2 protein chains.
Amino acid sequence: MGLTKSEEFTVKDNKLAKYAKALSHPARIAILRILIKRQSCICGDIVEELPLSQSTVSQHLKELKDAGLIKGEIEGAKVCYCIDETELNQAKSYIDELFSSYFLSKTSCC
Amino acid sequence: MGLTKSEEFTVKDNKLAKYAKALSHPARIAILRILIKRQSCICGDIVEELPLSQSTVSQHLKELKDAGLIKGEIEGAKVCYCIDETELNQAKSYIDELFSSYFLSKTSCC
DNA sequence: AAAATTCATCGCATTATTACGATTATAAAA
DNA sequence: TTTTATAATCGTAATAATGCGATGAATTTT
């Protein structure tokens with residue numbers, strides 16, 4: 001076994017889970033915060049700000065990129081990462097929608 | 001290796017990551033939706049609504065419980081699960097805070 | 001051209017996750 | 001008391017994730 005049954009769930013729930021997975025590691029949250037703070041698309045300075053090796057940071061960046069939350073642009077030898085606003089918006093609205101569906105239909109029970 | 005360096009990151013980012021991890025599987029999203037829909041704290045009916053075995057659903061419930069997003073109450077032989085409103089609120093505000101910190105300081109770059 | 005910088009990728013070891021059947025524990029029903 | 005129902009847990013197999021050093025590819029700098 002060991003294989004998530006993605007096909008059994010809705011496309012939306014799979015997408016939401018994918019966004020959440022990207023956010024499911026403190027290093028990746030920290031990376032997002034750095035990218036937000038330095039709005040001007042900084043790159044490998046991330047490595048200097050985090051207590052992780054270059055290869056590990058690169059891997060986390062890849063995962064954030066695969067999830068769509070960030071994008072990278074090659075600038076000579078450097079790579080400049082930044083938030084992908086469209087995707088971040090979508091992630092936000094998916095999450096908001098899930099949460100607000102609770103707060104709307106709330107009647108409180110146990 | 002293979003061990004997340006949690007201590008190296010803030011308590012808040014670890015908590016946020018924990019919430020996100022709970023949401024990082026479509027089955028758990030589906031479970032949350034079921035719990036939201038049937039506000040009246042239903043239990044093992046979840047198993048019937050999902051294409052997963054009882055033990056697998058039980059495991060997902062445990063993870064949602066460990067993350068704090070849901071709570072279970074024993075009712076005889078049954079266990080009644082429901083959303084933990086306080087924690088869901090906290091999760092929502094942590095996520096909102098992260099996202100809005102971007103939309104506030106946005107200047108768009110690449 | 002040679003050396004240095006920047007970052008991705010490979011390989012590896014360790015640990016975590018996913019899924020299920022089988023078993024166990026508890027409570028309800030017969 | 002015995003059976004049934006409910007749900008957690010154990011054990012197992014497969015796959016994914018975490019982290020790092022080493023290596024590679026590309027671009028700058030010297």
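Remember, predicted model here, so these are calculated numbers, not experimental data. Values below: every heavy atom of this structure, side chains too, minus hydrogens, waters and symmetry copies. We name chains A, B, ... by the order of the sequence lines, and we start the count at 1 in each one.
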Could you check how far [atom1] of [X] sits from [atom2] of [N], rounded to whole Å?
X	N	atom1	atom2	value
Gln59(B)	dG21(C)	CD	P	13 Å
Glu73(A)	dT6(C)	CD	P	19 Å
Tyr81(A)	dC7(C)	OH	P	8 Å
Asp66(B)	dT18(C)	CG	P	13 Å
Asn14(A)	dT18(C)	CG	P	13 Å

Can you list the residues that meet the side-chain contact (heavy atoms from CB on, under 4.5 Å) rule with [X], with sequence neighbours excluded?
X	value
Lys65(B)	Ile70(B), Tyr81(B)
Ala27(A)	His25(A), Leu52(A), His60(A), Phe9(B)
Glu49(B)	Ile34(B), Lys37(B), Arg38(B)
Glu8(B)	Pro51(A), Lys5(B)

### Query
How would you label the contact of Leu52(B) with the nucleic acid (heavy atoms, under 4.0 Å): base, sugar-phosphate, or nothing?
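Counting heavy atoms under 4.0 Å across all strands, the contact made by Leu52(B) is with sugar-phosphate only.
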### Task
For Glu63(B), answer base if it contacts any base atom (sugar-phosphate contacts may also be present), sugar-phosphate if it contacts only those atoms, and nothing otherwise; contact means non-hydrogen atoms under 4.0 Å.
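Sugar-phosphate only.
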Would you compute the distance between atom [atom1] of [X] and atom [atom2] of [Y] and round it to the nearest 0.5 angstrom?
X	Y	atom1	atom2	result
Leu88(A)	Leu35(A)	CG	CG	10.5 Å
Leu32(B)	Ile29(B)	CG	CD1	6.5 Å
Lys18(B)	Leu23(B)	NZ	CG	12.5 Å

### Task
Identify, between Thr4(A) and Gly2(B), the residue whose nearest nucleotide on DNA chain C lies closer to the 5' end.
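Closest to the 5' end, via its nearest nucleotide, is Gly2(B).
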### Query
Mind checking what makes side chain to side chain donor-acceptor pair (under 3.5 Å) contact with Glu63(A), not counting sequence neighbours?
Arg28(A)
### Message
Can you list everything that forms a side chain to side chain donor-acceptor pair (under 3.5 Å) with Lys92(A)? Sequence neighbours excluded, please.
### Response
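Testing Lys92(A) for side chain to side chain donor-acceptor pair (under 3.5 Å), a comparison that skips the adjacent residues, returns Asp96(A).
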May I ask you to test the [X]-[Y] pair for a side-chain heavy-atom distance under 4.5 Å?
X	Y	value
Asn14(A)	Val11(A)	no
Gln59(B)	Gln54(B)	no
Asp84(A)	Leu69(A)	no

### Task
Go through dT9(C), dA22(C), dA8(C) for me and flag the one nearest to the Lys62(A) side chain.
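The listed nucleotide nearest to Lys62(A)'s side chain is dT9(C).
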Any side-chain N or O of [X] below 4.0 angstrom from OP1/OP2 of [N]?
X	N	value
His60(B)	dT17(C)	no
Ser53(B)	dA19(C)	no
Ser55(B)	dC20(C)	no

### Query
Closest nucleotide of DNA chain D for Leu3(A) versus for Ser6(B): which of these residues is on the 5' side?
Leu3(A)
#### Entry: Strand contacts (DNA chain C) in residues 18-27 of chain B, 4.0 angstrom heavy-atom criterion
Lys21(B), His25(B)
### Query
When the C1' atoms of the five terminal pairs at each end define the local axes, what inter-axis angle does the helix from dA1(C)-dT30(D) to dA30(C)-dT1(D) show, to 10 degrees?
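What I find for the helix from dA1(C)-dT30(D) to dA30(C)-dT1(D) is an axis angle of 10°.
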### Summary
Each nucleotide of nucleotides 23-30 of chain C classed B (base within 4.0 Å of a protein heavy atom), S (only sugar-phosphate) or -, in 5' to 3' order, makes ----SS--
### Nucleotides bounding contact with chain A, strand DNA chain D, heavy-atom threshold 4.0 Å
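So the outermost contacting nucleotides come out as dA14(D) to dT28(D).
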### Message
By the salt bridge (Lys or Arg N to Asp or Glu O under 4.0 Å) test, which pairs, at least two apart or in different chains, include something from residues 51-60 of chain B?
### Response
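Not a single pair qualifies under salt bridge (Lys or Arg N to Asp or Glu O under 4.0 Å).
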### salt bridge (charged side-chain N to carboxylate O under 4.0 Å, His left out) against Lys78(A), all qualifying residues, sequence neighbours excluded
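Lys78(A) satisfies salt bridge (charged side-chain N to carboxylate O under 4.0 Å, His left out) with no residue once adjacent residues are dropped.
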